[in-house]
Amino acid sequence: MILTQALAKSDSISIHIELNNLLRKLESKTIEKILSAEEDEEIWSIDNKIRDIVTQTIHFNQNSESDKIENVAQIIFFAKKYLRKGVSNGDVKSILIFLSVNCYLHVKVKSLLSTIELKSSYTKAVSEKIIQVLKSIKLSPQALPNAPYWEKEIMSESQKGFSENDIAKTYRFIEAVEHGGRGFYFNFLLESLLSFLFHLNYTCFLNTLSLLQHPTDFVFYFQSFQKEDLLKIANETSISNKWLNFELIRQIIEKEHKETIDELEIEAVKNVLNRIKLNDFNFLKQTAIYFHRSRLFNAALGVFLASVNNMEMEEIISDFSIDKYSFHIKTRDELLNHYAKPVSVEQLDLFLELIFNKWKHYFDNILTTEDFYQNSILLTDFANFVVHYHTRKTADNDLVSSMDNLIQKIKFIDSEWSTSSSQQLTKFHLYHSELYLLTYAYKYKKINNPQMLTNYEGIINDKVQRSRYVSGETQQLLEIGKNNIDRTKDE
């Protein structure tokens, strides 16, 4: 409210003497010095004083509201003066001085310039000079001579990964640095300059992106952008660099809402996937693996897979990995739900069959793996895909037969040869895991086999097995399985 009223008064205002003196000092500095403020004590001090003036005036000033508006208008007046000078004269230093104030004011550039001043032809000169400044800055990180061994190794691996088009290797270093505390690369004024160019002359900003090559450059360019701006860039059909497209997806996902999924975000990510596919199909398959824990990405991937041919879909799915933990069941459900909406019955059946076969191969493999240990029900992230597959594709009598077979295996588990007691425990839970999923298909298909309930109750109530194998958590799931089978619950 104060900013809005101050904007209206900012063209006819008295001088803010202290701010005026600070900005004049900045005028004597070079662009390079201003951009590397943390290396120059005087510029660092000036920046701190500008921040104090702005924040004190807006947030901590005890004066009346009219005085606050007057003071803020004075600040905007000076910021606008340097902005207009910078745009009209192609003066990057003036733009940086404006940003030194506006990074604390947060006034939109479009509200400070006239329609004529915002025209591309008018802003082209300063935009091109900003591009030259950006081109001169080296963003790629280098390991310090005294850096720990692991840091040098992971950086070396990242460089090798980039040359090999290996996403996981390349980003292991990037994400390690991001999660290390301070962030990947921090220069608030330089980030403000990027944002300024984006809002002043979008075409020139896109031209700047086309000059970049390395993922670390894209990380820096996008890390401070708002999600709405990232979505705008993501929908640009001209962006072909696969690493740039990958980083766009990563930045959007970093800012995704954890509870709800926006259709505009889904469409934007799907558009990026289309561009990656046209550029490098193997890179696309890596992308699908990398973001498998994101609800937004799974939703977009579902929409994307519905648009490709069956052979391409099968190739992408062939690289999926099964996550033994059930934390991401709902996440993977987004993939199923968004794929199922637009496709035909035949396409959905094929999709489910491909996932089921991958799950079945995984399940059968761990049954024979001696060092695999499982002491609870194993659902995996694709649990609901398995249930849907059986509900749609498995005949009633075949489903009942499979359930009876598993019940028999569980009933006589102690008679089955195992290499160790731990493998026997694992087999017990794996048989129960598959049976548990089948009880849902049994429920959804509304099968009514009275003997099934009796047989199932027999194994889950076996006192010897319960004392030997079953935890409290597992027992709860077995009771859910019983309720799935019990048709009297429907009456």
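The figures here come from the full heavy-atom set of this structure, side chains too, leaving out hydrogens, waters and symmetry mates.
Below 30°, between 30° and 60°, or above 60°: for Y202 and F205 the angle between ring planes is below 30°, a parallel geometry. Below 30°, between 30° and 60°, or above 60°: for F291 and F297 the angle between ring planes is between 30° and 60°, a tilted geometry. In this pair, F218 and F222 present their aromatic rings parallel. The plane angle is below 30°, not in the 30 to 60° band. The aromatic rings of F382 and F320 sit parallel to each other, their planes meeting at less than 30°, with 60° as the upper class boundary.
Annotation: side chain of N165 is in contact with side chain of K242 (closest heavy-atom distance under 4.5 Å).
If you look at W359 and Y362, their ring centroids are not closer than 6.0 Å.
Residues K227 and E265 are paired through a salt bridge, judged by an N-O separation under 4.0 Å between the basic side chain and the carboxylate. The residues K160 and E157 are annotated as not salt-bridged, no charged nitrogen and carboxylate oxygen being separated by less than 4.0 angstrom. At a threshold of 4.0 Å, the pair R275-E236 does not count as salt-bridged, since none of the basic side-chain nitrogens sits closer than that to a carboxylate oxygen.
Every ring-ring contact (aromatic ring centres under 6.0 Å, His included) that Y339 has, sequence neighbours left out, goes to F351. For S121, the side-chain hydrogen bond (donor to acceptor under 3.5 Å, both in side chains) test picks out no residue, with sequence neighbours left out.
Q251 and E247 form a side-chain donor-acceptor contact under 3.5 Å, judged by distance and modelled atom types alone. Looking at Y82 and E27, their side chains do bring a donor and an acceptor atom within 3.5 Å of each other. Remark: the S376 side chain and the Q374 side chain contain an N/O donor-acceptor pair separated by less than 3.5 Å.
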Steps toward side chain to side chain contact (heavy atoms under 4.5 Å, CB included) verdict (L118, T123): CA-CA 6 Å; L118 287 168; T123 62; 5.5 Å; no

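For the atom pair N102 CG and I50 CD1, the distance stands at 11.5 Å (nearest 0.5 Å).
For the salt bridge (Lys or Arg N to Asp or Glu O under 4.0 Å) condition, the pairs that include at least one residue of residues 303-323, sequence neighbours left out, are K277-E312, K285-E315, K285-D319.
Just one residue in the list R293, K330, H328, R332 forms a side-chain hydrogen bond (donor to acceptor under 3.5 Å, both in side chains) with N298, and that residue is R332.
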